[in-house]
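A short worksheet on the structure shown next.
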Amino acid sequence: MILFKKTSDLTKYLKTIHGKGISTGFVPTMGALHAGHLSLIENSKEKTSVTIASIFINPTQFNDPADFDKYPVTLEKDILALEKAGCDVLFLPSVQEIYPRGTADLPHFNLGYLETILEGKHRPGHFQGVCQVMSRLLEIVMPATLFLGRKDYQQCMVIRKLISLKEWKISLDIIPTLREPSGLAMSSRNMRLSEMDKEKASGVYNALQYLKDEIRPGDLTGYILKAAAMIKNAGFEKTDYVSIAERDSLQPVTHWNGEMVLVGLVAAYINGVRLIDNITLR
Ligand code: AMP
């Protein structure tokens, strides 16, 4: 695996492969890698010729500074894991490399409705930060295919919108969520949980699975209330949202005609750690 810290060095390297019929796959991450991240690498390796990963904890997407400070860092382990997974290139930029003119005056992206709901509503500015870092990373790497995890469902929609706003010819490949045997979605933030909290945290998956198994056409309010109660009873101290929404628009659905494809989405806190998850309901 080749490791680049400087944008100019990565750009020089990419010039030697771009335009030569060599397909590139890109897996952006914030490190603290787990099997979910590595499944994105595996997918990229299967489907493209050169796999590029990045590790960059983007300060501009943390609406809560304490969350940024506590974000887990396991760099040496990550490098070994990427090498073992057969990743070809790792981009490990500093904040200065990504934002050479600082972070005070970064562009604003018109995300419309997407930024007003769910994660957008509960984490003001978060998706602007996601677009700021992704626009820089994609400008630098300009991969044929970008690999993202479905676990961050709304983020995938935001990045799809960014690619369309920029008119870039980048395909998106969205990879299913890898879970612990308990159903808990793998996440770097799980490292901040005790084993007991991890067990409790599978309550989110159980609530989503309940929605998937039980919902029937008609009024959905009762199902949402029951799922929220399941999460609370599992030991979560606060729930930002339990939502059932239309798969493509994320418009909330409270009365279901039985035809529309729905997704259930949750964000909740356990022991101060905010977890998100989602599941397709039909
Ligand atoms: P992060 O390091 O949290 O920014 O995540 C980097 C990428 O890995 C994003 O595209 C995530 O959606 C994806 N990812 C995170 N957790 C999982 C998981 N459990 N399964 C599959 N992909 C994941």
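None of these values were measured; they are calculated from a predicted model. Numbering of ligands and ligand atoms starts at 1, following listing order.
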### Task
Walk me through it: do Lys47 and Asp173 pass the test salt bridge (Lys or Arg N to Asp or Glu O under 4.0 Å)?
CA-CA 10 Å; Lys47 299 170 188 170; Asp173 198 336; 2.9 Å; yes
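- The CD1 atom of Ile98 sits 12.0 Å away from the CD atom of Gln132 when rounded to the nearest 0.5 Å.
- Here Lys226 contributes atom NZ and Ile224 contributes atom CD1; the two are 14.0 Å apart, rounded to the nearest 0.5 Å.
- For the atom pair CG (Asn257) and CG (Leu262), the distance works out to 8.0 Å, reported to the nearest 0.5 Å.
- Remark: ligand 1 and Asp152 share an N or O pair separated by less than 3.5 Å (distance only, no angle test).
- Residue Leu148 approaches ligand 1 through these ligand atoms, each under 4.0 Å from one of its heavy atoms: 10 (O).
- Side-chain heavy atoms closer than 4.5 Å link hydrophobic residues (I, L, V, M, F, W, Y) into clusters, and following such links, even through other members, never connects Tyr269 to Val204.
- Of the inter-residue distances, the one linking Thr116 atom OG1 with Lys121 atom NZ reads 9.0 Å to the nearest 0.5 angstrom.
- Using a 4.0 Å cut-off between heavy atoms, His34 contacts ligand 1 through its side chain alone, with no backbone atom that close.
- Between His122 and Tyr241, the ring planes are tilted. Angles from 30° to 60° get that label.
- Considering backbone and side-chain atoms together, Phe147 places no N or O closer than 3.5 Å to any N or O of ligand 1.
- For ligand 1, none of its N or O atoms has an N or O atom of Ala185 under 3.5 Å away.
- Closest to atom 3 (O) of ligand 1, if we only count protein heavy atoms, is Tyr71 OH, 3.8 Å.
- Distances between N or O atoms of Met30 and those of ligand 1 include at least one value under 3.5 Å.
- At a threshold of 4.5 Å between side-chain heavy atoms, the hydrophobic network of Ile, Leu, Val, Met, Phe, Trp and Tyr places Leu14 and Met134 in one connected group.
- For His37, a nitrogen or oxygen atom sits less than 3.5 Å from a nitrogen or oxygen atom of ligand 1, counting backbone and side chain alike.
- At a 4.0 Å cut-off, at least one heavy atom of Pro28 sits close enough to ligand 1 to count as contact.
- Atom numbering of ligand 1 starts at 1 in the shown order; those under 4.0 Å from a heavy atom of Met186 are 16 (N), 17 (C), 18 (C), 19 (N).
- Inclusion of Leu40 in the set of residues having an N or O under 3.5 Å from an N or O of ligand 1 is not warranted.
- Separating the CD atom in Gln154 from the NZ atom in Lys161 is a distance of 12.5 Å, to the nearest 0.5 Å.
- Side-chain contact between Tyr99 and Asn58 is present, with heavy atoms from C-beta onward closer than 4.5 Å.
- Less than 4.0 angstrom separates some heavy atom of Pro176 from each of these atoms of ligand 1: 20 (N), 21 (C).
- The protein atom (non-hydrogen) at minimum distance from atom 9 (C) of ligand 1 is Gly149 N, 3.9 Å.
- Regarding atom 20 (N) of ligand 1, its nearest protein heavy-atom neighbour is Leu178 N, 2.9 Å.
- Ligand 1 lies less than 4.0 angstrom from a heavy atom belonging to Thr177.
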